[in-house]
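Here's the structure, in structure tokens; my notes come after.
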Amino acid sequence: MKDNNGKKQTIELASPLSGRVVALGEVGDEVFAQKILGDGVAVCPDGGVLYAPVDGRVIQVFESGHAITLLSDEGVELLLHIGIDTVSLRGRCFCVKVEADQRVRRGDALIEFDRQGILDAGYEVTTPMIVSNSDEFELCVLREGDVAVGDPLLRLTKVKGEGRA
Amino acid sequence: MISFDYTVNDPLGLHARPAGLLVKVAQGFESESIVHLERTAKTASLKKLLAVMSLGVKGGDRIRVSVDGVDEAVAAEAIERWLRENM
């Protein structure tokens, strides 16, 4: 698919975590796995800090600190959700480092989390990174297996003239 | 246009999972639907996930849903039913 002058805008999202790449379809929650929230990828973290994958602005940090939404400078709407069902932790295990409307740069620390505490409480730590406006892009996962913070993880190519089905 | 009020019972409120499912219900209809949160007087389109999540609807919150369009009757009924069954 090409736009009028044949050039496609591509945006690269860096991995927000170090750990292991997990395909979204394998995440243990069907709302994520079935892409109901949008398309993307997940990382099972081995560390305890979530970093910004892109330059942009914080839209919202959930009160319980387990999820954050960002709007990238290129218009990508991102949801980063640490763990599965971790809303139920009501803030335990999470320490938020940013606030709504704050500008962030790729690599800025967003949320510190207690990985072992989350696991001990019986929750998965697999962290989906969801593009909630993924119908505006073609997505390509760039890595599998181990990934480090900042490694290029997701490439988005803007799809022009193609709307929702 | 059809409007109805609803009080959210789920103590976890409209977090990612229910917000995603509710948006999916709303997106299934042509009508525009918006949700107004009484506590903050803020509004969001029910078809936009991040907008809905940004409202921060919590357990106990009172919301008003307004639906406007050719299939508003069916849409409003579906949205209200989903809320009653899930929130």
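Just so we're on the same page: letters track the sequence lines, and every chain starts at 1.
Heavy atoms only, all atoms of each residue included: A:Ile36 and B:Leu21 are closest at CD1-CD2, 3.8 Å. Across every non-hydrogen atom of A:Leu70 and B:Leu50, the tightest pair is O-CD2, 4.3 Å. Listed here is the closest heavy atom pair of A:Ile59 and B:Ser54: CG2-OG, 3.3 Å. Closest non-hydrogen pair, B:Gly20 versus A:Leu37, comes out as CA-CD2, 3.2 Å.
Rounded to the nearest 0.5 angstrom, A:His66 NE2 and B:His15 NE2 are separated by 7.0 Å.
Counting non-hydrogen atoms of other residues, nucleotides and ligands closer than 6.0 Å to CD of B:Glu30 gives a total of 12 or fewer. Surrounding CZ of B:Arg39 are more than 12 heavy atoms belonging to other residues, nucleotides or ligands, all under 6.0 Å away. For A:Glu144, the CD atom counts as loosely surrounded, since its 6.0 Å shell holds 12 or fewer non-hydrogen atoms of other residues, nucleotides or ligands.
Most heavy-atom pairs under 4.5 Å with chain A: of the set B:Gly13, B:Gly56, B:Ala19, B:Ala16, this distinction falls to B:Ala16. With chain B as the partner, the residue from A:Thr69, A:Asn133, A:Val87 showing the most heavy-atom pairs under 4.5 Å is A:Val87.
Residues A:Leu110 and A:Val49 do not share a hydrophobic cluster, clusters being chains of Ile/Leu/Val/Met/Phe/Trp/Tyr side chains in contact below 4.5 Å. Transitive grouping of hydrophobic side chains (ILVMFWY, heavy atoms separated by less than 4.5 Å) keeps A:Leu13 and A:Val149 in distinct clusters. Neither B:Leu22 nor B:Ile2 shares a network with the other; the hydrophobic side chains, linked directly or stepwise wherever heavy atoms of I, L, V, M, F, W or Y lie under 4.5 Å apart, form separate groups for each. Connection of B:Val25 to B:Val23 is established within a shared hydrophobic cluster, with ILVMFWY side chains joined at heavy-atom distances below 4.5 Å, either directly or through further cluster members. Both B:Val8 and B:Leu46 are assigned to one and the same hydrophobic cluster, defined by single-linkage of ILVMFWY side chains at heavy-atom distances under 4.5 Å.
Both the backbone and the side chain of A:Glu77 come within less than 4.5 Å of a heavy atom of chain B. Heavy atoms closer than 4.5 Å to chain B are found in the backbone of A:Leu78, but not in its side chain. Heavy-atom distances place no part of A:Ser64 under 4.5 Å from chain B, backbone and side chain included.
Residues B:Pro11 and A:Arg90 form a side-chain contact, since some pair of their non-hydrogen atoms from C-beta on lies under 4.5 Å apart. By the 4.5 Å heavy-atom criterion applied to side chains, B:Arg17 and A:Asp85 are counted as neighbours. For the pair A:Leu79/B:Met53, a side-chain contact is recorded, criterion being any heavy-atom separation below 4.5 Å from C-beta on.
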